[in-house]
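Hydrogens, waters and symmetry mates are skipped; everything else that's a heavy atom, side chains included, is used. Just so it is clear: chains get the letters A, B, ... in the order the sequence lines come, proteins before strands, and each one is counted from 1.
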Amino acid sequence: MPELPEVETIRRALEPLVLDESFIAIRLVDPAISRGDRERLQTGPIGRRITGVLRRGKHLVFALEGGKGLAVHLRMTGSLLLREPDAGSRVRAVLVLSNGVHLYFNDVRRLGTLEFLDDVEALFGRLGPEPLSDEFTVDLLHAQLSRHRIPVKAALLDQQIVAGVGNMYADEALFLARIHPMTPARNLDISPVTSLWKALRQVLTDAIASKGASVSTYALPNGEHGTAHFGFNVAHKKGEPCPSCGTTLQRMMVRKRGSYYCPACQPPSGDNTGG
DNA sequence: CCCGGAACCTGAAGGC
DNA sequence: TGCCTTCAGGTTCCGG
């Protein structure tokens, strides 16, 4: 499941391959992948110089001349590959570049999207702060969380509160910060928010260094797998002992999302056990 | 505004 | 063995 570290890893891998090149064809194998107008998606990006590959939250954007862009969202099972996978291929689109590079948008579940952006900044403006940016301070996180009474786990998944955090890294960050996932976001004082801020930055930075977590279909463009999941403390580890205290890790549903946590290290605080 | 829940999608896993 | 149901989760939309 590509989250911020996975998308950032893909961005870093692709940028040197496409910088200053241009798209010469956008082939829609499965037209349903298109978000917005299909005609524009196939014609808009053609011939425009690629000025960079950007990431904002979980969005990957090929920045094009004139403030325009080609946006990719991999959702659950999408990947951008330099070679078409021979087995189990579910190629939904092929991006052909002026230097001969082909990018195969592979996606079993068909939830991923491809969109031509007239204004890249408009997309970016709809998202919350980047957790690894200088702008993202403890005070900003505290301010964002204080506006919501929803469970902190749900708040971390809200892309308008913090951009780029998904289910795995939310669980990992809450574990490091020793915060129960059901704790109402606005109940968190500056002290636990400081712990959460540090945990988010550490978890995301470490995962990027490990080239992302290959727990599902995630792979780098060259087919390589990331190793961040080997460093997970709680995510997808129900029934295993907590690496900190040995207590059996548990899984609970928070807003329909599976949430892994240590009941001893992350005890409920106050009235947050309701479900 | 705030929040919960359904829908989208398909392969894997579990129940009977 | 096989059919059926549920689950996984990022995002968007709808309803209370």
Report which part of the nucleic acid [X] touches: base, sugar-phosphate, or nothing (heavy-atom distance under 4.0 Å, all strands).
X         : answer
Arg35(A)  : sugar-phosphate
Leu111(A) : base
Arg126(A) : nothing

Nucleotide [N], atom [atom2] - distance to [atom1] of [X] in whole Å:
X         : N       : atom1 : atom2 : answer
His148(A) : dC2(B)  : NE2   : P     : 6 Å
Tyr260(A) : dC7(C)  : OH    : P     : 13 Å
Lys238(A) : dG14(B) : NZ    : P     : 11 Å
Gln159(A) : dG9(C)  : CD    : P     : 15 Å
Lys153(A) : dG9(C)  : NZ    : P     : 8 Å
Asp30(A)  : dT10(B) : CG    : C1'   : 13 Å
Asp107(A) : dG11(B) : CG    : C1'   : 12 Å
Leu123(A) : dG10(C) : CG    : P     : 17 Å

Is the phosphate of [N], meaning OP1 or OP2, less than 4.0 Å from a side-chain N or O of [X]?
X         : N       : result
His236(A) : dG9(C)  : yes
Lys58(A)  : dT11(C) : yes
Arg75(A)  : dT11(C) : no
Arg186(A) : dC2(B)  : no

Check: Arg109(A) side chain, dC9(B) base, donor-acceptor under 3.5 Å: yes
Both Arg257(A) and Arg147(A) contact DNA chain B. Taking the nearest nucleotide for each, which residue is further toward the 5' end? Arg147(A)
What's in the same ILVMFWY side-chain cluster as Val120(A), cut-off under 4.5 Å, chained through other members?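 Same cluster as Val120(A): Leu54(A), Val61(A), Leu117(A), Leu123(A), Phe124(A).
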Side chain of His59(A) only, heavy atoms from C-beta on: which candidate in dT11(C), dC3(B), dG10(C) is closest? dT11(C)
For the side chain of Arg90(A), counting heavy atoms from C-beta on, which of dG9(C), dG11(B), dT11(C) is nearest?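 Taking heavy atoms from C-beta onward, the closest nucleotide is dG11(B).
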Inter-residue atom distance Glu121(A).CD - Arg56(A).CZ, 0.5 Å rounding: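 Between atom CD of Glu121(A) and atom CZ of Arg56(A) there are 9.0 Å.
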Can you check ring pair (Phe, Tyr, Trp, His ring centres under 6.0 Å) on Phe23(A) and Phe62(A), steps first, answer last? CA-CA 10 Å; Phe23(A) 292 103; Phe62(A) 295 90; 5.3 Å; yes
Using the ring centroid of each side chain, check whether Tyr169(A) and Phe232(A) are separated by less than 6.0 Å.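 Centroid distance Tyr169(A)-Phe232(A): below 6.0 Å, so yes.
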With Thr248(A), which residues qualify under side chain to side chain contact (heavy atoms under 4.5 Å, CB included), at least two apart? none
